[in-house]
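These notes concern the structure reproduced below.
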There are 2 protein chains.
Amino acid sequence: MRTVCVVGVGMSQWGEVWRRSLRQLFVDAASKAIKGAGVDHLDSLYVGCMSSGLFVGQEHLGSVMADYLGMRGLPAMRVESACASGGMAIRAAFMEVGSGMSDIVMASGVEKMTDCDGDQATYALATAADQEYEVFHGATFPGLYAMMAHAHMAKYGTTREMLSQVAVKNHDNGALNPVSQYPFKITKEAVETGVMIADPLHILDCSPITDGAAAVIMTTEEIAKKLGKPYVRILGSGAATDSIALYQRPDMTTIKAATLASERALKMAGRKITDIQFAEVHDCFTIAELAILESIGVYERGKAGPATLAGETARDGKFPVNTSGGLKSKGHPVGATGVAQMIEVYKQLTGQAEGERQVKGSPKIAMTQNMGGSGGSSVVHIVEVA
Amino acid sequence: MRTVCVVGVGMSQWGEVWRRSLRQLFVDAASKAIKGAGVDHLDSLYVGCMSSGLFVGQEHLGSVMADYLGMRGLPAMRVESACASGGMAIRAAFMEVGSGMSDIVMASGVEKMTDCDGDQATYALATAADQEYEVFHGATFPGLYAMMAHAHMAKYGTTREMLSQVAVKNHDNGALNPVSQYPFKITKEAVETGVMIADPLHILDCSPITDGAAAVIMTTEEIAKKLGKPYVRILGSGAATDSIALYQRPDMTTIKAATLASERALKMAGRKITDIQFAEVHDCFTIAELAILESIGVYERGKAGPATLAGETARDGKFPVNTSGGLKSKGHPVGATGVAQMIEVYKQLTGQAEGERQVKGSPKIAMTQNMGGSGGSSVVHIVEVA
């Protein structure tokens with residue numbers, strides 16, 4: 001396979017963006033990515049989106065988005081893996097460029113989640129779980145992750161304060177990200193006194209409902225060099241699934257799809273987890289960040305919580321996690337999240353993160369970990385600055 | 001890129017399959033494809049599906065289907081391009097095998113359309129059109145294709161009888177296909193006296209609502225040879241989009257996405273349209289088959305109808321079209337259709353089409369043409385027997 005690089009990135013504003021439609025959000029992000037990369041055309045487009053059919057009554061996003069980007073004729077398709085759709089769009093584009101089929105490919109993600117009522121959004125999101133054996137019986141995602149949290153607390157002594165610190169830390173980062181839906185700091189007390197969603201998860205343990213889009217331009221190293229813009233190389237891509245239903249897993253405290261995807265990406269990259277200097281991980285709920293950090297081997301089982309409390313995953317810690325603000329503070333337009341993770345590591349590795357958010361010490365290698373459902377799928381990329 | 005082959009195929013029963021769920025339909029087809037190819041594992045899975053969220057409340061099909069196939073852990077994602085989702089799944093698998101990323105990949109498609117009411121199904125299908133500028137104003141697909149038909153009749157003198165003959169010919173073929181939803185012959189009179197859906201399209205001008213799944217195993221030529229089963233090579237893959245909305249196109253009588261996709265696939269294959277010996281094309285409505293045959297250059301504009309009347313596209317004609325029965329008779333579970341087209345050309349090229357359905361003269365090269373919406377996207381593959 002040819003080496004695949006990311007040369008330009010773009011994001012729309014994230015949040016309750018009521019004055020912009022699904023297609024407008026996409027075009028905003030995509031136009032910025034094209035301008036950032038300085039490319040004069042695309043060969044192909046991938047659109048990561050979880051459920052535009054349920055959220056806004058529009059499928060067939062490859063056609064819609066190529067059309068509204070002013071590129072009728074462009075080969076385009078949507079990819080979907082629930083909340084990992086964005087990461088899968090990057091993986092698909094990685095294979096298309098890597099194969100030699102195309103030279104310049106856009107991977108994007110978009111979701112418009114606030115055009116429907118809250119109960120409709122909850123229903124749409126629940127279609128990422130097992131419809132027949134979980135959703136039919138009333139399970140939705142806060143409840144599923146609450147069960148993971150209780151199990152993790154029982155097995156490893158993970159505390160309420162550890163969960164709170166994940167949210168506090170990610171808001172500390174997101175407060176500095178200009179696209180964030182919730183760009184403000186919060187306190188542990190605010191997390192712990194917030195309305196209870198599904199015990200033990202309070203509202204500030206949960207990522208929000210978000211409108212937003214993100215796009216990156218992926219190309220060969222030869223073209224990336226010619227464009228003369230900062231770029232990063234994707235060294236490895238790994239994907240995995242697990243049982244769609246949480247109750248079918250032997251251990252609810254670990255996320256096997258993340259373990260497998262991480263192992264596969266690291267193997268392809270020829271790297272070890274200890275080579276990775278920082279990561280964007282899928283903190284859809286506070287417990288998810290801890291479970292993932294243990295599942296991908298950054299910490300031993302039960303150690304991610306204490307490490308978070310000790311500040312190790314903070315921006316100035318020894319392994320910064322979610323410097324973007326994560327899903328928690330930056331927001332979680334489900335199809336776009338995985339692409340935004342790539343944008344954050346691109347910015348950090350090329351020294352373009354905004355102001356204080358920039359990780360010190362010029363890190364060279366990072367990981368993105370994107371996840372669908374309660375861990376039914378995961379996709380991981382290893383990224384190195386050129 | 002490495003040469004990519006199809007070595008095993010499988011289909012579920014197609015029709016109103018009320019006793020099998022979305023995942024059961026998939027597992028049925030996928031298991032047959034695995035058995036047919038004789039492979040002992042998969043490296044990756046693509047699931048083409050248009051709108052399982054709206055039809056049955058289940059997204060995240062990569063995870064669901066890998067799980068229920070008994071392959072938890074398998075990298076898997078869903079791809080979507082409306083009714084071209086199946087063809088796009090094949091295209092994605094083609095790039096994954098071609099790139100060297102994986103050796104044995106399943107491309108599949110599935111749709112479960114009869115679990116909801118007819119009006120819900122019509123709404124779900126309409127999400128393949130432009131939600132904001134077509135569907136909002138009441139347009140659904142029979143109406144859009146009816147406008148194409150009227151335009152084609154006005155511009156080229158295409159007659160009611162020519163449309164009827166498309167349906168009659170495809171039912172002649174579908175009557176011999178054991179998976180067909182409607183495995184019986186029909187007469188021109190039956191087409192022309194059937195209930196009017198959208199003038200000039202009667203009910204037998206329209207493909208039906210169908211439950212069904214289809215799957216193929218794609219691999220390298222080296223592995224295909226080792227497996228010792230009949231196989232075909234995919235020589236070229238082409239995809240294209242056009243405006244999502246029909247009214248924005250300068251000419252409603254031609255389908256530009258099909259033209260572009262066909263040109264790109266032929267170019268990659270190093271072939272001309274005159275090299276192609278038969279084709280499966282996207283006859284979602286009778287007019288579509290005529291417009292496509294002209295758009296991909298098999299016939300000049302306005303000549304596909306007369307050629308159909310003259311029997312040229314019949315099974316024993318000089319360019320057989322839709323020997324499977326097409327969407328019209330075999331059925332149209334939208335996400336599965338593109339994969340089933342590949343299965344038909346695989347069977348025909350390897351001499352495995354059932355009984356009378358086998359095209360005479362041992363043809364060597366064929367085309368599949370799959371389409372989304374009113375032509376907002378299309379994907380074409382050129383296939384050669386090994």
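Quick note on labels: first sequence line is chain A, next is B, and so on, each numbered from 1.
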Top of [options] for chain B proximity - count of heavy-atom pairs under 4.5 angstrom:
{"options": "A/Gly372, A/Ala66, A/Ala84, A/Ser378", "answer": "A/Gly372"}
{"options": "A/Ala128, A/Gly100, A/Ala76, A/Gly62", "answer": "A/Ala128"}
{"options": "A/Gln131, A/Met95, A/Glu59", "answer": "A/Glu59"}
{"options": "A/Ala126, A/Gly376, A/Cys83", "answer": "A/Gly376"}

Greatest number of heavy atom pairs closer than 4.5 Å to chain A - which of [options]:
{"options": "B/Val135, B/Val79, B/Thr259", "answer": "B/Val79"}
{"options": "B/Val64, B/Leu22, B/Asp130", "answer": "B/Asp130"}
{"options": "B/Met88, B/Glu132, B/Lys256", "answer": "B/Glu132"}
{"options": "B/Ser99, B/Ala239, B/Gly238, B/Ala92", "answer": "B/Ser99"}

Using atom types as modelled and distance alone, determine if a side-chain donor or acceptor of [X] lies under 3.5 Å from a backbone N or O of [Y].
{"X": "A/Ser85", "Y": "A/Ala82", "answer": "yes"}
{"X": "A/Ser374", "Y": "A/Leu144", "answer": "no"}
{"X": "B/Asp211", "Y": "B/Val17", "answer": "yes"}
{"X": "B/Ser108", "Y": "B/Ala215", "answer": "no"}
{"X": "A/Asp67", "Y": "A/Arg72", "answer": "no"}
{"X": "A/Gln248", "Y": "A/Ala245", "answer": "no"}
{"X": "A/Thr127", "Y": "A/Tyr123", "answer": "no"}
{"X": "B/Arg249", "Y": "B/Ser243", "answer": "yes"}

Using non-hydrogen atoms only, which part of [X] is less than 4.5 Å away from chain A: side chain, backbone, both, or neither?
{"X": "B/Arg23", "result": "side chain"}
{"X": "B/Ala257", "result": "neither"}
{"X": "B/Ala129", "result": "backbone"}
{"X": "B/Val97", "result": "neither"}
{"X": "B/Ser237", "result": "both"}

Any side-chain donor paired with an acceptor under 3.5 Å for [X] and [Y]?
{"X": "A/Thr140", "Y": "A/Thr122", "value": "no"}
{"X": "B/Thr241", "Y": "B/Ser377", "value": "no"}
{"X": "B/Glu96", "Y": "B/Ser102", "value": "yes"}

Whether over 12 other heavy atoms sit under 6.0 Å from B/Tyr133 OH: no

Measure distances from [X] to the heavy atoms of chain B and classify the residue's part below 4.5 Å as side chain, backbone, both or neither.
{"X": "A/Met268", "value": "side chain"}
{"X": "A/Val379", "value": "neither"}
{"X": "A/Phe136", "value": "neither"}
{"X": "A/Leu260", "value": "side chain"}

Heavy-atom pair with the smallest gap, counting every atom of B/Ala261 and B/Ala240: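 Scanning both residues completely, I find the closest heavy atoms to be N-CB, 3.8 Å.
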
Close approach to chain A in residues 42-53 of chain B, criterion heavy atom under 4.5 Å: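 Heavy-atom contacts from residues 42-53 of chain B to chain A are B/Tyr46, B/Met50, B/Ser51, B/Gly53.
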
Ring geometry between B/His282 and B/His332 (parallel below 30°, tilted from 30 to 60°, perpendicular above 60°): perpendicular

